[in-house]
Amino acid sequence: MSGPLYVPVLPARPHAAGACRRLWPDVSSAIRPLWNLPPLPGAAPETLATVVDKYVGPVSAVSRHGGWIDAPFGEDAQTAALAEALFVYCELGRLRPVTGPERTEAQQVAAVDTARRCLRGLGVRVRVTGEWDGRLGDGVRGLLARTGPEVSVDLLLDMGAVLDDRPDAGKEALRALDALMPLAVWRSAALLGGSLPRVTVDMLTDEWCEVPRAEWRMWHEVRTTGRAYAPLLGYGDYGVQPRGALAQAPAPGRKGGPPWGVLRYTTESSYLLFKTLTKGSDRVAVNRRAARRIVELPEFRGAVAGRGEEWLSDCANGPLSTSEGVGGPTEWLRAGNLQHMTYVVRSLPDG
């Protein structure tokens, strides 16, 4: 079994595609994204190909070294049309289809058929959002029987949100892996999770807050158990967004939003979040000060560490007389993912 170094679980959205496009080549080569198509409620099957192309086309273009494409929020009536629309990016691009034991039989059949036609393999995404349930293992066994040995399979163990209310997430991950690893000759296996909650203004009453990287601790806990598979287990997270961001449906033409935002920085053990403003006369001063607080951190890795740090340094050192380079929610999110993904790759063994 071989595994990708880093599997970021990302929404198929412009900000995430933009972050991957700006990664340095050596960092990009170590990343295999698990892209997630957003919910498309009520989208008619006959129009899905056009809608899917809008979201998946850009992320496929930046996935030069491969990855997976999943439609976890697809409606039953959309299954066949989604599979056909995604097939294009599995056949002509470098993405692999995804299914899982809790998916409908129709979705499993469609994903397996795509994997067979494209010869790229299949991602098996197993969600464990609480305690490990042995019935999931039975479901994976049945799915693998349907797949057959001729299709290469990748295990994507998705622990979901790993927040303070899940102190035993590492133990549950081990229970899951101990049950799932013997079921197949997995081409790769990765442990995924996210510890960022939904950020609220109350969390930023002091203009910043710190959130422990619980999924990072979980992965290390599993890696140090001495299991034979542990050294080859890939690491995955949800970037610098909470898990729930994946489920946000598109809202074309939506305006407004909160008057505040967030600049994000990742350290060895924490996510640091700094309050910014999206409007108001003091927006430029507040936002440059937030960036300056990051670049003055002892943990700041310097403007040459990556393009995320470069953007933060430029923002911090820009003049108060102009808003150029201050950015907005999209730029803040893109810069956050850039610094985060670069740092994760550098932090992993052989990174």
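Two residues are said to be in side-chain contact when any heavy atoms from C-beta on lie closer than 4.5 Å; Pro14 and Thr330 fail this criterion. Within the 4.5 Å cutoff, the side chain of Pro11 has heavy atoms near those of the Gln241 side chain.
In plain terms, the two heavy atoms of Arg166 and Val128 that are nearest each other are NH2-O, 3.1 Å. Minimum heavy-atom separation, Ala83 to Ala110: CB-CB, 3.6 Å. Residues Ala12 and Pro38 approach most closely at O-CD, 4.4 Å, considering heavy atoms. Taking every heavy atom of both residues into account, Leu144 and Ala184 meet most closely at CD1-CB, 3.8 Å. Contact between Gly66 and Pro33 at its shortest, heavy atoms only, is O-CD, 3.4 Å. Scanning both residues, Leu163 and Pro197, for their nearest heavy atoms gives CD2-N, 4.1 Å.
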Assess whether side chain to side chain contact (heavy atoms under 4.5 Å, CB included) is satisfied between Arg264 and Leu333, documenting all intermediate values.
CA-CA 8 Å; Arg264 307 153 175 91; Leu333 192 51; 3.6 Å; yes
Let me see the working for Asn36 and Leu34 under side chain to side chain contact (heavy atoms under 4.5 Å, CB included), right down to the final yes or no.
CA-CA 7 Å; Asn36 293 259; Leu34 170 54; 4.2 Å; yes
Given Val126 and Leu155, is the side chain to side chain contact (heavy atoms under 4.5 Å, CB included) satisfied, shown in steps?
CA-CA 8 Å; Val126 183; Leu155 175 61; 3.9 Å; yes
Arg346 vs Asp26, salt bridge (Lys or Arg N to Asp or Glu O under 4.0 Å): CA-CA, chis, key distance, verdict:
CA-CA 10 Å; Arg346 299 279 189 248; Asp26 64 317; 2.8 Å; yes
Given Tyr89 and Asp53, is the side chain to side chain contact (heavy atoms under 4.5 Å, CB included) satisfied, shown in steps?
CA-CA 9 Å; Tyr89 300 98; Asp53 180 68; 2.3 Å; yes
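For Arg227 (side chain) and Thr224 (main-chain N/O), no donor-acceptor pair under 3.5 Å exists by modelled atom type. When atom types are taken as modelled, the side chain of Glu84 and the backbone of Ala81 share no donor-acceptor pair closer than 3.5 angstrom. Looking only at distances, a side-chain donor or acceptor of Arg213 sits under 3.5 Å from a matching main-chain atom of Thr267. Arg288 places a side-chain N or O within donor-acceptor distance of the main-chain N or O of Pro319, the cut-off being under 3.5 Å. A donor-acceptor pair is defined here as one N or O able to donate and one able to accept, closer than 3.5 Å; no such pair exists between the side chain of Tyr235 and the backbone of Val345. No donor-acceptor pair under 3.5 Å is formed between the side chain of Trp68 and the backbone N or O of Leu122. Side-chain atoms of Trp186 come within 3.5 Å of backbone N or O of Leu180 as a donor-acceptor pair. Using a distance-only test at 3.5 Å, with no hydrogens or angles considered, no donor-acceptor pair links the side chain of Thr79 to the main chain of Gly74. At least one donor-acceptor pair under 3.5 Å links the side chain of Gln339 to the backbone N or O of Thr266. Side chain of Arg125 to backbone of Gly123: no donor-acceptor contact under 3.5 angstrom is found.
Residue Trp208 is not grouped with residue Val262 when hydrophobic side chains (ILVMFWY) are merged at heavy-atom distances under 4.5 angstrom, including chains of intermediate members. Grouping the Ile, Leu, Val, Met, Phe, Trp and Tyr side chains by contacts below 4.5 angstrom, directly or via other members, places Val151 with Ile69. A single hydrophobic cluster is seen to contain both Leu348 and Leu191, as judged by linkage of ILVMFWY side chains at heavy-atom distances under 4.5 Å, directly or through other members. Placement of Tyr271 and Trp332 in two distinct hydrophobic clusters is found when ILVMFWY residues are connected by side-chain heavy-atom separations under 4.5 Å, directly or transitively. Under the 4.5 Å side-chain contact rule for hydrophobic residues, Leu86 and Leu143 share a cluster.
Distance check: Lys171 NZ to Met218 CE gives 14.5 Å after rounding to the nearest 0.5 Å. Phe73 contributes atom CZ, which lies 12.5 Å from atom CG of Leu82 (distance to the nearest 0.5 angstrom). Considering CZ of Arg146 and CG of Asp113, their distance stands at 12.0 Å, rounded to 0.5 Å. In this structure, CG in Leu192 is found 7.0 Å from CG in Leu157, a value given to the nearest 0.5 Å. Of the inter-residue distances, the one linking Leu338 atom CG with Trp311 atom CH2 reads 11.0 Å to the nearest 0.5 angstrom. Note: Leu233 CG to Met181 CE = 7.0 Å, rounded to the nearest 0.5 Å.
A 6.0 Å sphere centred on CD of Glu46 holds more than 12 heavy atoms belonging to other residues, nucleotides or ligands. Other residues, nucleotides and ligands contribute only 12 or fewer heavy atoms inside 6.0 Å of the CG atom of Asp164. Glu299 CD: more than 12 foreign heavy atoms inside a 6.0 Å radius.
Residues Glu91 and Arg117 are not paired through a salt bridge, judged by the lack of any N-O separation under 4.0 Å between the basic side chain and the carboxylate. Checked for salt-bridge contact, Asp138 and Arg141 meet the test: a charged N lies under 4.0 Å from a carboxylate O. Arg289 has a carboxylate O that lies under 4.0 Å from a charged side-chain N of Glu207, or vice versa, which qualifies the two as a salt bridge.
Partner of Asp237 under the side chain to side chain contact (heavy atoms under 4.5 Å, CB included) criterion, out of His340, Arg243, Met341: His340 alone.
Using the six-membered ring where Trp is involved, Trp216 and His220 have ring planes that are perpendicular, over 60° apart on the 30 and 60° scheme.
Residues passing the ring-ring contact (aromatic ring centres under 6.0 Å, His included) test with Trp260: none are found, sequence neighbours excluded.
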Please set out all donor-acceptor pairs under 3.5 angstrom arising from side-chain atoms of residues 95-103, sequence neighbours excluded.
unit_1	atom_1	unit_2	atom_2	d
Arg96	NE	Arg120	O	3.4
Arg96	NH1	Asp154	OD2	3.1
Thr99	OG1	Gln107	OE1	2.6
Arg103	NH1	Asp70	OD1	3.0
Arg103	NH2	Asp70	OD2	2.8

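With 3.5 Å as the limit, one finds a donor-acceptor pair spanning the side chains of Trp35 and Ser63.
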